[in-house]
Protein chains: 2
Amino acid sequence: MEKCDVCGAQCLHKLCMHKVPIFSSLSQDDLTHIASIIRHKKYQKGETLFSEGNRPDALVIVNEGSVKAFKITSDGREQILYVFSEGDFFGERNLFGRQVSAYTVEALEPVKTCSFTKESFHELLHAYPEIAIKIIEELEERISRMESALQSMGVRSIDNRISALLLDFAEKYGTSVPDGTLIHLPLSREGMANYLGVARETVSRKLGLLENEGIIRSNGNKSILLLDRSMLEASAGKSADF
Amino acid sequence: MEKCDVCGAQCLHKLCMHKVPIFSSLSQDDLTHIASIIRHKKYQKGETLFSEGNRPDALVIVNEGSVKAFKITSDGREQILYVFSEGDFFGERNLFGRQVSAYTVEALEPVKTCSFTKESFHELLHAYPEIAIKIIEELEERISRMESALQSMGVRSIDNRISALLLDFAEKYGTSVPDGTLIHLPLSREGMANYLGVARETVSRKLGLLENEGIIRSNGNKSILLLDRSMLEASAGKSADF
DNA sequence: CGAGCGATTGACGTATATCAAAGAGAGTGG
DNA sequence: CCACTCTCTTTGATATACGTCAATCGCTCG
């Protein structure tokens with residue numbers, strides 16, 4: 001993590017705010033004020049940030065690392081709904097309504113978060129009403145992604161969905177290297193399976209196929225090298241789902 | 001549709017507002033003012049309200065009837081994302097961002113709508129900022145439902161999903177009768193199939209099974225009598241998805 | 001009453017889940 | 001530094017649920 005060269009240690013408080021679009025309309029002074037009411041937390045891999053059915057009263061911003069949000073289905077499987085990483089926020093559900101959390105959130109690696117309490121967030125909204133619009137836009141964005149995901153789930157072919165997932169990961173977690181794009185996978189094979197709603201073994205087999213076709217190269221369990229993006233896009237179905 | 005007994009024909013303008021929670025915090029005077037900027041439209045069954053990729057600039061409230069919102073998947077199927085009926089609204093996506101519509105909306109039966117133009121809605125937001133919070137709550141609600149739907153899609157068993165869909169319909173479109181709950185189906189078998197992302201024939205077969213088990217009684221193509229709700233809930237998986 | 005469209009039923013093939021066993025990494029302790 | 005173990009992944013064999021194709025049925029509406 002890079003150090004801010006203007007404000008030193010205190011700057012950590014502002015970093016997370018700079019990462020979320022919600023606050024993009026505010027001035028530096030406003031941000032400084034907001035920074036003072038932020039709480040910080042660290043979690044280790046596997047730790048639970050909060051559980052389905054709990055009533056957490058905070059908006060949480062991921063500052064470093066990544067987390068998964070999942071529900072347990074009636075047949076006992078884990079259905080992953082989101083992978084949140086740097087700059088994403090969650091828990092907003094609980095800031096307005098009386099609702100309890102709809103999912104469990106667990107750290108996929110060491111994670112640092114910034115959070116607002118419900119109260120301080122309400123103050124914030126009162127002081128800066130334009131934030132509400134930003135939140136609506138962000139929620140719209142999220143709904144849009146979910147609609148695409150739902151559409152993808154409706155598509156029968158598992159191939160499409162795996163390819164679409166890889167493209168999605170490539171965008172979020174990929175770095176350009178000479179041979180193509182190196183994707184640092186936030187999820188294990190099992191995690192990907194739980195995200196896609198398929199069996200672990202199926203993910204292995206499909207990735208194996210893609211590797212045989214020369215589209216990807218598996219690189220241990222933690223990363224994948226994407227060699228031929230256009231082939232993958234074709235395999236994901238020409239229209240950009242996910 | 002029942003006539004309002006206080007204000008006569010003019011009242012139609014307010015009816016739709018009374019149906020949506022967005023405006024629940026406003027006074028009668030405010031509502032009267034708002035009513036003056038509402039536009040009304042009628043559509044016949046099968047008519048398209050707007051198409052995927054269009055750039056409609058209105059918030060639309062369904063006042064009577066129901067509509068489906070769907071995308072066409074890369075393999076040419078129609079994936080239904082929502083069924084909106086009396087009191088639901090859509091098109092809000094386009095009011096803030098520069099986004100185009102993510103889906104096509106089509107009338108499932110004769111439909112009457114109320115709509116705001118983008119401009120008048122912005123005025124409204126400016127005049128009544130509390131509406132923004134209501135919208136956020138409504139979006140949260142919608143996200144919550146989509147998360148459940150995503151979870152259901154992830155569940156392998158089609159039985160679960162069909163049962164969950166019937167329960168959902170029972171709640172929205174059901175009326176109590178001596179033998180149980182009579183569900184007026186908004187969608188045809190094919191529509192249900194496109195909603196669930198399965199084949200038409202599979203829906204038929206599964207409904208046939210449920211009928212053999214005495215859980216439902218099919219009543220033509222337009223309605224279903226739900227005889228044993230608890231059995232259906234069991235079949236949907238005990239936790240309330242959908 | 002007849003025509004037409006949607007729904008049902010049946011036969012069949014295939015994709016994916018499941019079960020089972022073997023293989024590869026990553027971390028631990030000798 | 002190497003062997004051991006634990007966990008995650010891969011691979012294989014088998015079963016099954018669902019999709020597809022095709023034929024028949026039965027409403028609904030003219």
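Here is the naming used below: chain letters follow the sequence lines, and residue numbers restart at 1 for every chain. Excluded from the calculations below are hydrogen atoms, water molecules and symmetry mates; all remaining heavy atoms, backbone and side chain alike, are included.
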Nucleotide [N], atom [atom2] - distance to [atom1] of [X] in whole Å:
{"X": "B/K222", "N": "D/dG26", "atom1": "NZ", "atom2": "C1'", "result": "14 Å"}
{"X": "B/L185", "N": "D/dC27", "atom1": "CG", "atom2": "C1'", "result": "15 Å"}
{"X": "A/D75", "N": "C/dT18", "atom1": "CG", "atom2": "C1'", "result": "13 Å"}
{"X": "A/E190", "N": "C/dA17", "atom1": "CD", "atom2": "C1'", "result": "15 Å"}
{"X": "B/L207", "N": "D/dC18", "atom1": "CG", "atom2": "C1'", "result": "15 Å"}
{"X": "A/D159", "N": "D/dG19", "atom1": "CG", "atom2": "C1'", "result": "15 Å"}
{"X": "A/N212", "N": "D/dT10", "atom1": "CG", "atom2": "C1'", "result": "12 Å"}
{"X": "B/N160", "N": "D/dC18", "atom1": "CG", "atom2": "C1'", "result": "15 Å"}

Whether [X] contacts [N] is assessed here as follows: a side-chain N or O lying under 4.0 Å from the phosphate OP1 or OP2. Is that the case?
{"X": "A/R200", "N": "D/dT10", "value": "no"}
{"X": "A/T202", "N": "C/dT16", "value": "no"}
{"X": "B/K206", "N": "D/dC18", "value": "yes"}

Have a look at A/S188 and say if it touches a base, only the backbone sugar-phosphate, or nothing, with a 4.0 Å heavy-atom cut-off.
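Touches sugar-phosphate only.
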Just checking A/V198: base, sugar-phosphate only, or nothing, at a heavy-atom cut-off of under 4.0 Å?
sugar-phosphate
First encountered from the 5' end of DNA chain C, between A/N221 and B/L187
B/L187
If the test is side-chain contact (heavy atoms from CB on, under 4.5 Å), which one of A/V83, A/L81, A/I80 qualifies with A/F70?
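Per the side-chain contact (heavy atoms from CB on, under 4.5 Å) rule, the option paired with A/F70 is A/I80, out of A/V83, A/L81, A/I80.
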Can you tell me which residue among B/V105, B/L59, B/I61 is in a side-chain contact (heavy atoms from CB on, under 4.5 Å) with B/F90?
B/V105
Nearest to the side chain of B/R205 - D/dT11, C/dG10, D/dC8?
C/dG10
Ranking D/dG19, C/dA7, C/dA20 by distance to the side chain of A/E201, first place goes to C/dA20
Mind checking ring-ring contact (aromatic ring centres under 6.0 Å, His included) for A/F116 and listing every partner two or more places apart, or none if nothing turns up?
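Result, ring-ring contact (aromatic ring centres under 6.0 Å, His included) vs A/F116: A/F23.
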Return the orientation label for the A/Y195 and A/F169 ring planes: parallel under 30°, perpendicular over 60°, tilted otherwise.
parallel
Applying side-chain hydrogen bond (donor to acceptor under 3.5 Å, both in side chains) to B/Y82 and A/E147, what does each step give before you reach the verdict?
CA-CA 10 Å; B/Y82 307 100; A/E147 284 167 354; 2.7 Å; yes
